[in-house]
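Okay, structure first, notes after.
Just so we're on the same page: letters track the sequence lines, and every chain starts at 1.
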Amino acid sequence: MRRTAYAATFRRSDLGRSICACGWVESVRDHGGLIFIDLRDRSGILQLVCDPSKQPEVHALASQVRDEWVVAAEGEIVARSPETVNPNLPTGEIEVAVRTLEILNKSLPLPFQISHGELNEEVRLKHRFLDLRRPAMQRNLAFRSRLNAIVRNFLLENDFYEIETPFLTKSTPEGARDFLVPSRLMPGQFYALPQSPQLYKQILMVAGFDRYFQVARCFRDEDLRADRQPEFTQIDIEMSFVDRGDVIDLTGRLLRDMFRKALDVEVALPIPTLSYDDAMARYGSDKPDLRYDLPLTEITDLARESKFGVFLRAIESGGIVKGIRIPKGATFSRKDLDDLVAETQRYGAGGFAYFKVTGGALASNIAKYFPEGILAKIRERMGAEEGDVVGFVAEPPAAANTVLSQLRASLARRLNLIVPGKNAFVWVLDFPLLEYDAGEKRHVAVHHPFTAATAETRALLASDPLKVKAQAYDIVLNGSEIGGGSIRNHRVDWQEDLFRTLGLEKEEVDQKFGFLLQALALGAPPHGGIALGQDRILMLMLGADSIREAIAFPKNQRGVDLCFDAPSGVDDRQLRDLGIQLRAKPKT
RNA sequence: GGGGACGUGGUGCAGCUGGUUAGCACACCGGCCUGUCAAGCCGGAGGUCGCGGGUUCGACCCCCGUCGUCCCCGCCA
């Protein structure tokens, strides 16, 4: 028997046709007489009817069939009588009067039922091949495939070449921890799996390819999160002879195309922009969720005029006082407000001082420490209205922002400020090029160490490195960073200056990045690009709460593939070939 | 490295402030049933409650440890 078409593609227009469909048994309803079988394939469900009065041997066979057996059914498409039409199925007006039923494979009873509600993720991942049979996962991966096609078509039509780059590459300092791959032919030497194709794509620009893209797998050996996997996919793009605006424009058009064609959602262009400084000041985060406003406001100068010891001491030691207005917060119960205090403490705050706006003034058990004029100014600056609550933390700037940005997100959920279906894109621009790493006692790149400084601030690299701005940009959707990029250093002297500021020794630079510096010295065009987090974008488009829903075979939180049971130990023989001896017996 | 939640038959869940035979649904097995579509009806099998220790006359329920899963911080150029 040869399959005619996918099971759920048949309609009334096929009445009278003899067809064959293949798939899995979704359910069997055995009436003793008639037997109904729901046949499922990737397209959906088709009802088979086995009538003992017409095909006794088919009926006898059908009575053996169990859930998830693999069958092929041949028969005639017939109409269902009006009262037996199932309006919930696209194929609900028809069914197959089975003439031949072939059991292609049996199945043991399943560890879980395919189409029956919620499952623990552990169970799902352990039997991923069954989990993937579920309609939701079929839909997710079909969507992923379609989105990839949209991306490829868009970029190819915009004169990009798709070029693949190696997985076995060189471990470089800076950035995430590398996954290492030992070399057999060069004992004691290691490849690294790429954290991104960053340097390859820059080299491709030097090679004159001008416009490159790749749907690239990237590997980072860091701890996992709901939106982070050790291997993930980037839509990686690089262009020559462009500036920041060109990359931003192209990315906007790409995103618009993706959302339009895959989701039928319009992305308004140009996507709004926000400077890093403004993002941090107003939202306490470099990836603010702009589906709601709920801004933060600093009142350090006003707090200094108070007699409130907590604030004064924090300011004295370099802290700031910053807060958030909670619209209609006065409706919160005392317990709600206590919970809020506890919540900020979980985020790392020492405390959370709040006032209610009643009778046009700020009221609180700590109000007595504030001169009336100051209270009025605080209320005014916070934009607080009758019935609001305003709350403050007094912390070092970074901590204040961390706490308040988390609180802001939490309040938005609690106050129902997130409009379902709304997408808020924003570009965050003008990042600092460097930040100081207290642990390593040196400057490290905020983006990556190939990012160009802005022309205006480049001169400060030696004298005041933290003031240098980067020609970098992040694209943020609903509080998630979905991509980032920069204009790169195409001049070798710029790149050398940056390495020097990062505290890399000349010798190390030559060893680790010699090929890059040589390439830059041999006719590198100005270039820049971006990488979009494909799995993360998919997760958001699918409305999933985990990146794993967008990946066929994801790892769990400890980086374990529960289906394949990887990673695993290897034979001593394999280690010997690689010249590797384990330091200690691993725990089993 | 740290904080939090969870862990009960194959799966998803219930089990009150600890009290005698650990419930329910689906799946599974047997029987009945010719229009169902999460089919229905009757009957049956299946768990000692992740693991170890402790408290107690008595623990699924309390305590400690441990393992596992998830969420978060650190980390992720």
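Taking atom C1' on both nucleotides, B:G74 is separated from B:U66 by 24 Å, rounded to a whole Å. Between B:U69 and B:G54, the distance separating the two P atoms is 28 Å to the nearest Å. Only the C1' atoms considered, B:A25 is 11 Å distant from B:A38, to the nearest whole Å. With C1' as the reference atom, B:C63 and B:U56 are 12 Å apart, rounded to whole Å. Comparing the C1' positions of B:C60 and B:G47 gives a spacing of 12 Å, expressed to the nearest Å. Taking atom C1' in both B:C42 and B:U55, one finds a spacing of 47 Å when rounded to whole Å. Separating the P atom of B:C49 from that of B:G10 is a span of 13 Å, rounded to the nearest Å. One P atom belongs to B:C75, the other to B:U8, and the distance between them is 35 Å to the nearest Å.
Spacing between atom CG of A:Asp67 and atom P of B:G10 amounts to 18 Å, rounded to whole angstrom units. Distance A:Glu118 CD to B:C6 C1': 15 Å, rounded to the nearest Å. Atom CD of A:Glu68 is separated from atom P of B:A27 by 13 Å (rounded to the nearest Å). As a whole-Å value, the separation of A:His116 NE2 from B:G12 P is 14 Å. Taking atom CG on A:Leu108 and atom P on B:U11, their separation rounds to 15 Å, with Å as the unit. Rounded to an integer number of Å, the gap from A:Asp545 CG to B:C71 P is 8 Å. Atom P of nucleotide B:A27 and atom CH2 of A:Trp69 are separated by 16 Å, given to the nearest angstrom. We find that CD of A:Glu26 is positioned 12 Å from P of B:A27, with the value rounded to whole Å.
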Where do N or O atoms of nucleotides 1-4 of chain B meet protein N or O atoms at under 3.5 Å, pair by pair?
none

Shorter than 3.5 Å, N or O on both sides, protein versus nucleotides 68-70 of chain B: list them out with atom names.
unit_1, atom_1, unit_2, atom_2, d
B:G68, OP1, A:Arg558, NH1, 2.9
B:G68, OP1, A:Arg558, NH2, 2.9
B:G68, O2', A:Glu122, OE2, 3.0
B:U69, OP1, A:Asn556, ND2, 2.6
B:U69, OP2, A:Arg558, NE, 2.7
B:U69, OP2, A:Arg558, NH2, 3.2
B:U69, O4', A:Glu122, OE1, 3.2
B:C70, OP1, A:Gln557, N, 3.0
B:C70, OP2, A:Gln557, N, 3.1
B:C70, O3', A:Arg548, NH2, 3.2

Distances for protein N or O near nucleotides 32-37 of chain B N or O, under 3.5 Å:
unit_1, atom_1, unit_2, atom_2, d
B:C33, N1, A:His31, O, 3.4
B:C33, O2, A:His31, O, 3.4
B:C33, N3, A:Asp30, O, 3.2
B:C33, N3, A:Gly32, N, 3.2
B:G35, N1, A:Glu95, OE2, 2.8
B:G35, N2, A:Glu95, OE1, 2.6
B:G35, N2, A:Glu95, OE2, 2.9
B:U36, O4', A:His31, NE2, 3.2
B:U36, O2', A:Arg29, NE, 3.4
B:U36, O2, A:Arg29, NE, 2.6
B:U36, O2, A:Arg29, NH2, 3.1
B:U36, O2, A:Gln47, OE1, 3.4
B:U36, N3, A:Gln47, OE1, 2.9
B:U36, N3, A:Gln47, NE2, 2.9
B:U36, O4, A:Gln47, NE2, 2.7
B:U36, O4, A:Arg80, NH1, 3.2
B:C37, O4', A:Arg29, NE, 3.0
B:C37, O2, A:Gln47, OE1, 3.3
B:C37, O2, A:Asn86, ND2, 3.2
B:C37, N3, A:Arg80, NH1, 2.6
B:C37, N4, A:Arg80, NH1, 3.3
B:C37, N4, A:Thr84, O, 2.3

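Ring geometry, A:His448 versus A:Phe450: the interplanar angle falls from 30° to 60°, so the pair is classed tilted. A:His490 and A:Trp494 have perpendicular rings, their planes meeting at more than 60° on a 0 to 90° scale where under 30° would count as parallel. Classification of the A:Phe499-A:Phe513 ring pair by plane angle, with boundaries at 30° and 60°, yields parallel.
Between A:Ile482 atom CD1 and A:Lys287 atom NZ the span is 12.5 Å, to the nearest 0.5 Å. Atom-to-atom distance recorded for A:Leu340:CG and A:Ser410:OG is 7.0 Å, nearest 0.5 angstrom.
Comparing A:Pro173 and A:Val123 along RNA chain B, the residue whose closest nucleotide (by nearest heavy atom) sits nearer the 5' end is A:Val123. Projected onto RNA chain B by closest heavy-atom contact, A:Phe112 and A:Val444 fall at different nucleotides, the more 5' of which corresponds to A:Phe112.
You'll find that the side chain of A:Leu119 is closest to B:U11, out of B:U11, B:C28, B:C75.
Under a 4.0 Å N-O distance rule, the pair A:Arg442/A:Glu435 does not qualify as a salt bridge. A salt bridge links A:Asp497 with A:Arg500: the distance from a Lys NZ or Arg NE/NH1/NH2 to an Asp or Glu carboxylate oxygen falls below 4.0 Å. A:Asp227 has a carboxylate O that lies under 4.0 Å from a charged side-chain N of A:Arg536, or vice versa, which qualifies the two as a salt bridge. Between A:Asp510 and A:Lys506 there is a salt bridge, with a side-chain nitrogen of the basic residue lying less than 4.0 Å from a carboxylate oxygen of the acidic one. Between A:Glu68 and A:Arg40, at least one side-chain N (NZ, or NE/NH1/NH2) sits under 4.0 Å from a carboxylate O, which counts as a salt bridge.
Side chains of A:Asp178 and A:Gln195: a donor on one and an acceptor on the other come within 3.5 Å. Remark: the A:Gln202 side chain and the A:Gln198 side chain contain an N/O donor-acceptor pair separated by less than 3.5 Å.
Among the heavy atoms of the strands lying under 4.0 Å from A:Pro449 is at least one base atom, whether or not backbone atoms are also near. When heavy atoms are screened at a 4.0 angstrom cut-off, A:Gln198 is found touching base atoms of the nucleic acid.
Applying the side-chain contact (heavy atoms from CB on, under 4.5 Å) test between A:Leu61 and each of A:Val71, A:Val98, A:Ile35, A:Leu101 identifies A:Leu101 as the sole match.
A sub-4.0 Å separation between OP1 or OP2 of B:U11 and a side-chain N or O of A:Arg124 is absent. Distances shorter than 4.0 Å separate none of the side-chain N or O atoms of A:Asn120 from OP1 or OP2 on B:C6.
B:G10: Watson-Crick or G-U partner is B:C26, with both key distances under 3.5 Å. Applying the Watson-Crick and G-U wobble criteria (two distances, each under 3.5 Å), B:A5 pairs with B:U69. Remark: B:C16 base-pairs with no nucleotide; criterion is Watson-Crick or G-U wobble with both hydrogen-bond distances under 3.5 Å. Here B:A38 sits opposite no nucleotide as a Watson-Crick or G-U wobble pair (both hydrogen-bonding atom distances under 3.5 Å).
For B:C76, its base never sits under 3.5 Å from the side chain of A:Arg220 at any donor and acceptor pair.
Here the side chain of A:Thr165 pairs no donor or acceptor atom with the backbone of A:Pro197 at under 3.5 angstrom.
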